[in-house]
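I have a structure here, written as structure tokens, and I will follow up with some questions on it.
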Amino acid sequence: MIDFLTYGFIQRAFIAGSFIAFVCSMLGVLLVLRRFSLIGDGLAHVTFGSVAIGLFLKQEPIYVSIPIVMVCSLWILKLIEKARLYGDAAIGIVSSVGIAGGILLASVAGGFNVDLFSYLFGNILSISKAEVFTSVTLSIVVLIFISFFYHEHFSTTFDEEFAKVSGINTQRINSLLVLLTSITVVLTMKVVGIMLTSALLILPAVTALQIARSFKHTMVISSLVAVSSVILGISFSFFANLPTGATIVMINLLFFIGAFLFRNAF
């Protein structure tokens, strides 16, 4: 066990995974309460297309993906506002275009299918020092924005009309929320992969909502569940020789089942 903790790749995975999980837990609560949680899945599909573009251009996918996914997140908002579409319809349009573009580009290029496959299911144990630095830095930036606009997020989440009447620029808050989510989704692809990104956003939040008594309490429990699941998932997958991303998601599911049973028992 002591040797396990001395491995550099394990330490990097713990650091980056914990920061990213913490951010996911914070945003996940806001997205779930606003019934906008599927945006994580939609933007994950867009990330697939942006990763394909990055590999095609022989650039680091994370740096190519962030601006593309941020633009697409704003596109979703515009579709909801201007085209009068429901949220799930707008997400469906953008996500389908994103993943279709990725498939077409991968088919035309034909030379990076293996690399693209690794991004689909994640491999946090292979994360580099540069990626750890990027992940931690961007996670801190996202957390700063969440903290700075905490009261605005709180008001908009529970009553957007009242928040608007109170003088809060809800359009700016909504734009900020989807932009922060887009950055987080790109970071999460290294932890659990593109296909499982939405699980890391949704499961800790819905677990916390089973037993939490207040909004702040929900945030705290969600963050504890998210970080614990990443640490346990990395550890268990290493010793059991299992896929790390899928293991993290399954441990999240076990936390949810436990919280659900606890709530119904008491």
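Numbers for residues simply follow the sequence, beginning at 1. Side chains included, hydrogens not; waters and symmetry mates left out as well; all remaining heavy atoms used.
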For atom CZ of Phe238, decide whether the heavy atoms of other residues, nucleotides or ligands shown that lie under 6.0 angstrom number more than 12. yes
Tell me whether Leu209 shares a hydrophobic cluster with Leu224, the cluster being built from Ile, Leu, Val, Met, Phe, Trp, Tyr side chains joined at under 4.5 Å. no
Flag if over 12 foreign heavy atoms under 6.0 Å of CZ, Phe133: no
Inspect the contact between Glu152 and Arg172 and indicate whether a charged nitrogen and a carboxylate oxygen are less than 4.0 angstrom apart. no
What are the two closest heavy atoms between Ala13 and Ile127, and how far apart are they? N-CG2, 4.1 Å
Over 12 foreign heavy atoms within 6.0 Å of CE, Met219: yes
side-chain contact (heavy atoms from CB on, under 4.5 Å) between Lys164 and Ile168, worked out: CA-CA 5 Å; Lys164 189 180 296 184; Ile168 295 173; over 6 Å; no
Would a single hydrophobic cluster contain both Phe9 and Leu187, if residues Ile, Leu, Val, Met, Phe, Trp and Tyr are joined by side-chain heavy-atom contacts under 4.5 Å? yes
Taking the side chain as everything from C-beta on, heavy atoms only, tell me whether Ser25 gets closer than 4.5 Å to Val225. no
Going by heavy atoms in the side chains, are Ser95 and Leu43 under 4.5 Å from each other? no
Run the side-chain contact (heavy atoms from CB on, under 4.5 Å) test on Ser73 and Leu77 for me, step by step, so that the C-alpha distance in whole Å, both residues' side-chain angles and the decisive distance to 0.1 Å come before the verdict. CA-CA 7 Å; Ser73 68; Leu77 273 187; over 6 Å; no
Can you tell me how far OG of Ser65 sits from CD of Glu60, rounded to the nearest 0.5 angstrom? 9.0 Å
side-chain contact (heavy atoms from CB on, under 4.5 Å) between Leu31 and Leu177, intermediate numbers included: CA-CA 8 Å; Leu31 294 172; Leu177 178 61; 4.0 Å; yes
In the single-linkage hydrophobic clustering (I, L, V, M, F, W, Y; side-chain heavy atoms under 4.5 Å), do Phe236 and Leu253 co-cluster? no
Please tell me whether Val220 and Val206 are part of a single hydrophobic cluster in this structure, the criterion being side-chain heavy atoms less than 4.5 Å apart. no
Report the distance from atom OG1 of Thr207 to atom CZ of Phe255, rounding to the nearest 0.5 Å. 8.5 Å
Mind running side-chain contact (heavy atoms from CB on, under 4.5 Å) on Val230 and Ile251 for me, showing each step along the way? CA-CA 8 Å; Val230 166; Ile251 290 177; over 6 Å; no
Gap between atom CG of Leu176 and atom OG1 of Thr181 - 0.5 Å precision: 9.0 Å
Ring centroid separation Tyr150 to Phe215 under 6.0 Å: yes
I need the single residue from Ile93, Val94, Val46, Val178 that forms a side-chain contact (heavy atoms from CB on, under 4.5 Å) with Ile76. Which is it? Val94
Is the closest side-chain heavy-atom distance between Thr156 and His153 below 4.5 Å? no
Can you establish whether the number of heavy atoms outside Gln171 located under 6.0 Å from its atom CD is more than 12? no
Shared hydrophobic cluster for Val71 and Ile183 (ILVMFWY, side-chain gaps under 4.5 Å): no
Any side-chain heavy atom of Leu138 within less than 4.5 Å of one from Thr184? no
Step through the shown structure and confirm whether more than 12 heavy atoms of other residues, nucleotides or ligands are within 6.0 Å of CZ on Phe260. no
Do the side-chain N and O atoms of Thr244 and Ser237 include a donor-acceptor pair separated by under 3.5 angstrom? yes
Do Val249 and Ser229 come within less than 4.5 Å of each other through their side chains, counting heavy atoms only? no
Any chance CZ of Phe149 has more than 12 other-residue heavy atoms, nucleotides or ligands included, within less than 6.0 Å? yes
